[in-house]
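Read the structure below first, then the notes.
Computed over heavy atoms, backbone and side chain alike; hydrogens, waters and symmetry mates excluded. Owing to the predicted nature of the structure, the values given are computational and were not obtained by experimental measurement. Within every chain, numbering begins at 1; the chains are lettered A, B, ... in the order of the sequence lines, protein sequences first and strands thereafter.
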There are 2 protein chains.
Amino acid sequence: MSKRSGILEFAVLGLLRESPMHGYELRKRLNTSLGVFRAFSYGSLYPCLKTLVTLGWLIEEPAVDSGPPAAPLAGRRAKIVYRLTAAGKEHFEELLAHSGPDAWEDEHFAARFAFFGQTSKDVRMRVLEGRRSRLEERLEKMRASLVRTRERLDDYTLELQRHGMESVEREVRWLNELIETERAGRVERPVDERDDNDNTNQENGGRPEARGTA
Amino acid sequence: MSKRSGILEFAVLGLLRESPMHGYELRKRLNTSLGVFRAFSYGSLYPCLKTLVTLGWLIEEPAVDSGPPAAPLAGRRAKIVYRLTAAGKEHFEELLAHSGPDAWEDEHFAARFAFFGQTSKDVRMRVLEGRRSRLEERLEKMRASLVRTRERLDDYTLELQRHGMESVEREVRWLNELIETERAGRVERPVDERDDNDNTNQENGGRPEARGTA
DNA sequence: TCGTTCATGTAACGCGTTACATGATTGC
DNA sequence: GCAATCATGTAACGCGTTACATGAACGA
């Protein structure tokens with residue numbers, strides 16, 4: 001209906017899935033833990049939260065402020081803590097699994113990757129491979145346009161293109177490593193129903209060997 | 001006044017400086033020659049052109065269609081060719097030289113770099129160095145946030161951060177090479193007043209040696 | 001008590017896109 | 001003749017930001 005948003009909505013749901021939070025804290029985690037790839041401001045976050053509430057993905061809670069025990073009374077502007085509803089959880093799963101055409105773009109991909117810890121292995125594979133083929137398309141276009149326009153571009157433009165292509169190629173190699181690592185990975189932890197907080201996901205969950213590759 | 005735009009405006013002026021063009025062609029060059037880093041649509045391009053005309057940077061010309069000699073008459077919807085005015089040229093120089101706080105962001109930088117062929121050496125140096133220090137700031141922040149949050153992030157988030165940092169570090173190395181090359185560069189071609197088309201800018205204008213570095 | 005950080009919001013604007021509407025020219 | 005592509009535009013919307021307004025809690 002009104003005011004749907006892409007990546008911000010997704011990130012909010014993802015963070016809230018880990019644990020309930022209020023807006024301020026949410027924003028900080030958006031810009032630090034996750035935020036390497038993007039910064040959000042209150043002007044977008046708070047309206048987004050409201051929308052998600054009206055959609056039923058989130059509920060507001062009056063913030064049982066467990067910190068300072070004094071002055072727990074009356075009219076103090078309570079922090080609003082947002083908690084993911086069951087429907088919200090479901091919706092988030094859908095978003096994770098969904099492979100829309102724009103799902104492989106830079107920021108969409110980064111956002112999904114950031115929540116791989118909460119994603120099943122097959123979905124992870126699909127996302128990684130989707131991203132890779134998206135990048136390979138992009139490389140094709142770049143090469144084609146280079147062939148078409150080479151000779152009538154100055155050195156700087158050329159250098160810019162070359163550096164751009166190299167960056168993309170580098171990301172493809174990175175994805176290749178990740179995909180290999182995933183393939184080698186064993187156990188499929190069902191992810192569902194385990195009430196929070198055991199985020200220690202050991203047993204070779206992430207990227208083992210394959211480092212100092214340059 | 002109304003409808004000022006950043007990078008699109010800049011790119012249009014830059015392309016038009018090389019030679020007059022109509023909107024359609026302009027858009028194609030935006031998305032091929034230059035367009036590795038960004039794609040624009042008509043919905044933004046045409047309004048932008050109008051604005052630039054009212055500002056006096058551009059003038060519309062009725063397109064003396066030199067191609068098909070037949071049917072040069074009456075009411076055919078003429079292509080509109082846009083040409084940079086003297087004021088527009090001046091404005092573009094200002095934009096090139098200007099070092100606003102946002103001038104070092106990803107897309108701003110890429111756009112400026114794409115027009116280095118029309119930029120004097122000292123400005124090129126300022127831009128490259130500005131970009132580099134901007135990236136170094138960014139690296140500082142990333143490192144700091146890593147120190148703060150390490151240990152309570154899952155492997156995937158960590159890997160994402162690591163890859164992000166490596167990308168930035170790589171660009172810094174790239175800039176270092178470019179800056180060195182610039183320093184080694186000799187002649188300062190005044191750039192001004194040479195009526196178009198001798199774009200052959202030889203004499204070691206771009207990036208000589210320093211390749212296969214990985 | 002005074003500045004800083006925490007905490008929540010709103011209004012206006014920025015900078016673009018998508019989808020639509022329109023028509024001329026070219027090549028088969 | 002008909003499709004493709006060239007060529008120009010407009011209206012509505014998307015997804016965010018900046019700047020502003022407000023106020024409580026905390027530390028020195």
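Counting to the nearest Å, the C1' atom of dT17(D) and the CD atom of E105(B) are 14 Å from each other. If you take NE2 of H22(B) and P of dT5(D), they are 16 Å apart, rounded to a whole angstrom. Counting to the nearest Å, the P atom of dT17(D) and the CG atom of L30(A) are 10 Å from each other. In this entry the distance linking CG of L49(A) with P of dT10(C) reads 12 Å, nearest Å. The nearest whole Å value for the distance from the CG atom in D102(A) to the C1' atom in dT18(C) is 13 Å. Taking atom CE on M21(A) and atom C1' on dC6(C), their separation rounds to 16 Å, with Å as the unit. When rounded to the nearest whole Å, the span between CZ of R29(A) and C1' of dA7(C) equals 18 Å. Nucleotide dC15(D) holds its P atom 11 Å from the CD1 atom of I7(A), rounded to whole Å.
Proximity of S41(B) to the phosphate of dT17(C): a side-chain N or O atom is located under 4.0 Å from OP1 or OP2. A close approach under 4.0 Å does not occur between any side-chain nitrogen or oxygen of Y42(A) and OP1 or OP2 of dG9(C). Within the structure, every side-chain polar atom (N or O) of K79(B) is placed at least 4.0 Å from both OP1 and OP2 of dA24(C).
Each of H22(B), K79(B), R83(B) was scored for a side-chain hydrogen bond (donor to acceptor under 3.5 Å, both in side chains) with E61(B), with one residue passing: R83(B).
Checked against a 6.0 Å centroid threshold, the rings of F113(A) and W104(A) do not count as neighbours. Note: F115(B) and Y156(A) fail the aromatic proximity criterion, with ring centroids not under 6.0 Å apart.
With sequence neighbours left out, the side-chain contact (heavy atoms from CB on, under 4.5 Å) criterion links A87(B) to W57(B), T85(B).
Relative orientation of the Y42(A) and Y24(A) rings is parallel, given thresholds of 30° and 60° on the angle between their planes.
The listed nucleotides are dC6(D), dT5(C), dG16(C); the one nearest the side chain of Y24(B) is dC6(D). Closest to the Y46(A) side chain, of the nucleotides dG9(C), dT10(D), dC6(C), is dG9(C). Side chain of P47(B), nearest nucleotide from dG16(D), dT10(D), dC6(D): dT10(D). Side-chain proximity of I80(B) to dT10(D), dC6(D), dT8(D): nearest is dT8(D).
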Worked check of salt bridge (charged side-chain N to carboxylate O under 4.0 Å, His left out) between D106(B) and R131(B): CA-CA 9 Å; D106(B) 297 3; R131(B) 173 65 175 174; 3.2 Å; yes

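Residue G23(B) is in sugar-phosphate contact alone, with no base atom involved, counting any heavy-atom pair closer than 4.0 Å across all strands shown.
The rotation axes computed at either terminus of the helix from dT1(C)-dA28(D) to dC28(C)-dG1(D) lie 30° apart, taking five pairs at each end and rounding to 10 degrees.
Judged purely by atom type and a 3.5 angstrom limit, R138(B) has no side-chain atom pairing as donor or acceptor with the backbone of V168(B).
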